[in-house]
Each structure stands twice: as structure tokens, then as C-alpha cells.
There are 2 protein chains.
Amino acid sequence: MYRISELAKRCGVNKETIRYYEKRQLLPLPMRTEAGYRLYSDADAKRVQFIKRLQQLGFSLTEIHQLLGIVDQDKERCADMYVFVSKKVEEVQKQIKDLQRVVHVLQDLQKRCPDEKALYECPMIEMLIEEEFST
Amino acid sequence: MYRISELAKRCGVNKETIRYYEKRQLLPLPMRTEAGYRLYSDADAKRVQFIKRLQQLGFSLTEIHQLLGIVDQDKERCADMYVFVSKKVEEVQKQIKDLQRVVHVLQDLQKRCPDEKALYECPMIEMLIEEEFST
DNA sequence: CTTGACTATGTACCTTAGTACAAAGTTTAT
DNA sequence: ATAAACTTTGTACTAAGGTACATAGTCAAG
């Protein structure tokens, strides 16, 4: 068992972030020393890393709280999990499509405007305003 | 020429957003009536729509300010535009890869855990912690 | 037995992209 | 002439995801 700074260091985050996650209920209430210092174990470290990974993948802390319901085997948060995951899949697939369009537009811009002079004549607005986007 | 409410209405945004864009230098300082009311033209409406489209595509207002350098034929903001666009392409391509991985993980979760009971045994943490991600 | 390093709590502050509101001046309609 | 509807400015507030700081208590070393 170790204290908050050690956990923060192991997970590459700030102490304040740990306390913030506790407040957001992403981390369970930790054990305390007699003086009131928080105590953590490897399970907590793993959990923080899990949170960080999901964040990298574009999940909000609210969504992560939801997903942690699986880890915690919490009936309440697991209700409608299948629907939640299905929605997220659709959402992310839409996001991928939009980003693929962004790449095309930017690469088109690069091709058309290989230098500064060409750039000045580049019909930027028209290029983007006339495209259609999934909304 | 019309006033701020008309522009906002034509662009589907709030008046406050227009003023906010002016402050962020995304819109040029507009002409004013004798009483000090802002006056806008179709060019401004087109510009706001352009900003909105780029936003939909995931650009921040700071990046949009940069890109508007092309539209404004502004030497300063156009400097290093090619580098800026190249970096953005790479960034977006990385983002797409990560999101594709998210889709796979979520679909895998759906396959393995077709109902609530299966969900409780789902090794969520292991599933995600053991994967590698582009960073 | 006191200094330095740690922890506790609470509150304030940061960024981004706005939104909301107050107080004052202007324009339009009746 | 005066109310309704507009505009101006400035400031404060929102959400998310933290960061920073002030004040107080705790612990280990010299």
C-alpha cells in the first residue's frame, strides 16, 4: 500500500487528478491511515491506467464512469450497456468518416497549393463550403 | 448591409457568437452606423459559415484563424501553412487509426458480452490495458 | 524540537467555445 | 411621447478536465 504521490507517480498523473477522480467517483473511496492519509494498491494504479487509456481513445470521464460499471460488476451502471456500446460504435464510425473527409480536403489543398504563391489563389472557402458533410 | 441579429439569423448562430468571433479576430472589424451599430454583408455571412464548417470538421478556432490566413491572403498567417497542413493531416490520420481501434474493441466487447450476465464476467480492463496504442 | 517534505481540505483558476445578463443608448411603432 | 425592440459594452457564468494555491495537520531526520 502506498500514498497518493506514489500512485500519481506510478500512473503519470498529478495528485490533484487522483483526488479529482475520487470526487468524480471514478476511483473508490480509499483506505486511510490513522492520520487520514489515503492508501492505494496496485489495483488502483491499474484502474487509473485504464481510465487514462480510455481517455486517449476519446471517452469522456462520464462515459468512463459508465464503462467502469462492467469492471465493478455494478448492475445499475451495466443496465443498457449494450445499447450504450452500440451507440458509441456508431458515433465513432461517423467520426471516422468525417475525419477521412478532412484528410481528403487537406491533401487536396496541399496538392493544389504546393507553394506560397499558389496558396494566395487557393479557393479555400469554395473548397469547403461546397462539400457535403454527414451531420 | 444588415445588423448583427440578421447576420446571426442567416448563419444560425447567436449574436454573442458573432461578437465573440470578432474578438477572436476570426471576423474583421465591421463597419458601423453613426450610432455605432455593426454592419455586415454577405461576405461576412459566408465567412461565418466557413468557420462553422471547419468547426464541424474538428478544427479549433485557433486553427481556423490560421486557415483564414489563406482566405485573407495574409502573408503572416500563410507562412508555414504547408507545414501546418501537413501536421494536421498526420494528426488526423493518427486520430482515425485510434478511433478504428476503439471500434474494434467495442465490437469485440459486444460480441463477447451479448447479454447482462456475460457482461459481468467481461475482462474489460485486460481487454484494454493489454492493447497497444499509437501515442 | 524544529525544519523539510509530505498530506488534508477547500476554493480559485485555467482552457475552449461560447451563453447570459446588466446597464445604457438607439430605433421603430403607435 | 413613450413603450417595445433593437444595439452597445462589459462582466460573469457554463461544461469538461483538470491545475494551483492557501491553510492546516503529520511525519522523519538531524
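Chain A is the first sequence line, chain B the second, and so forth, proteins listed ahead of strands; every chain is numbered from 1. Hydrogens, waters and symmetry mates are skipped; everything else that's a heavy atom, side chains included, is used.
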(message) Taking B:Asp42 first and then B:Lys46, would you say they form a salt bridge - that is, a charged N and a carboxylate O separated by under 4.0 Å?
(response) no

(message) Going by the rule side chain to side chain contact (heavy atoms under 4.5 Å, CB included), which residues pair with B:Lys87 if we only count those two or more places apart in sequence or in a different chain?
(response) B:Val83

(message) Is the phosphate of D:dT9 approached by B:Arg38 (side-chain N or O, under 4.0 Å from OP1 or OP2)?
(response) yes

(request) For residues 62-72 of chain B, pull every pair meeting salt bridge (Lys or Arg N to Asp or Glu O under 4.0 Å), keeping only residues two or more places apart or in separate chains. (result) B:Arg47-B:Asp72, B:Glu63-B:Lys88, B:Asp72-B:Arg77

(request) Supply the members, apart from A:Met31, of the Ile/Leu/Val/Met/Phe/Trp/Tyr cluster built from side-chain contacts under 4.5 Å; use none for a lone residue. (result) A:Met1, A:Leu39

(request) Mind checking side chain to side chain contact (heavy atoms under 4.5 Å, CB included) for B:Tyr40 and listing every partner two or more places apart, or none if nothing turns up? (result) B:Tyr2, B:Ile4, B:Leu7, B:Ile18, B:Glu22, B:Pro30, B:Arg38, B:Asp44

(request) Return the value, rounded to whole Å, for the distance between atom CZ of A:Arg3 and atom P of D:dG25. (result) 18 Å

(message) Under the rule for side chain to side chain donor-acceptor pair (under 3.5 Å), what residues qualify as partners of B:Arg19, not counting sequence neighbours?
(response) none

(request) Estimate the overall bend of the helix from C:dC1-D:dG30 to C:dT30-D:dA1 from the end axes over five pairs each, rounded to 10 degrees. (result) 30°

(request) Would you indicate what A:Ser60 reaches in the nucleic acid, counting non-hydrogen atoms under 4.0 angstrom: base, sugar-phosphate, or nothing? (result) sugar-phosphate

(request) Quickly work out the A:Glu63 CD to D:dA15 C1' distance and round it to whole Å. (result) 14 Å

(message) Testing B:Lys9, B:Arg3, B:Arg10 one by one against B:Glu6 for a side chain to side chain donor-acceptor pair (under 3.5 Å), which residue passes?
(response) B:Arg10

(request) Report the residues that fulfil side chain to side chain contact (heavy atoms under 4.5 Å, CB included) with B:Lys75, sequence neighbours left out, ordered by chain and then residue number. (result) A:Glu116, A:Tyr120

(message) When you compare the side chains of B:Thr62 and B:Arg24, does any donor N or O come within less than 3.5 Å of an acceptor on the partner?
(response) yes

(message) Within the 4.0 Å heavy-atom criterion, would you say A:Lys52 contacts the bases, only the backbone, or no part of the nucleic acid?
(response) sugar-phosphate

(request) Please tell me which of B:Gln55 and B:Tyr37 maps to the more 5' nucleotide of DNA chain C, matching each residue to the nucleotide holding its nearest heavy atom. (result) B:Gln55

(message) Taking the nucleotide of DNA chain C with the nearest heavy atom to each, does B:Thr33 or B:Ile51 sit closer to the 5' end?
(response) B:Ile51

(message) With the threshold set at under 4.0 Å for non-hydrogen atoms, list the residues of residues 13-23 of chain B touching DNA chain C in residue-number order.
(response) B:Asn14, B:Glu16, B:Thr17, B:Tyr20, B:Tyr21

(request) Say whether B:Gln55 and B:Lys52, considering side chains only, have a donor N or O and an acceptor N or O under 3.5 Å apart. (result) yes

(message) Test of understanding: with side chain to side chain donor-acceptor pair (under 3.5 Å), list the residues that count as partners of B:Gln110, not counting sequence neighbours.
(response) A:Ser86

(message) For B:Glu90, give me all partners under salt bridge (Lys or Arg N to Asp or Glu O under 4.0 Å), at least two apart in sequence or on another chain.
(response) none

(message) Rounded to the nearest 0.5 Å, what separates atom CG in A:Leu109 from atom CG in A:Leu106?
(response) 6.5 Å

(request) Provide, to the nearest angstrom, the distance between the OH atom belonging to B:Tyr2 and the P atom belonging to D:dC6. (result) 18 Å

(request) Mind listing the residues from residues 83-92 of chain B sitting with a heavy atom below 4.0 Å of DNA chain D? Number order is fine. (result) none

(request) Nearest whole angstrom, please: distance from the C1' of D:dT8 to the CG of B:Leu39. (result) 13 Å

(request) Extract, from 5' to 3' on DNA chain C, the first and final nucleotides lying under 4.0 angstrom from some heavy atom of chain A. (result) C:dC6 to C:dT9

(message) I need the minimum non-hydrogen distance between A:Ile64 and A:Ile51, along with the two atoms involved.
(response) CD1-O, 3.6 Å

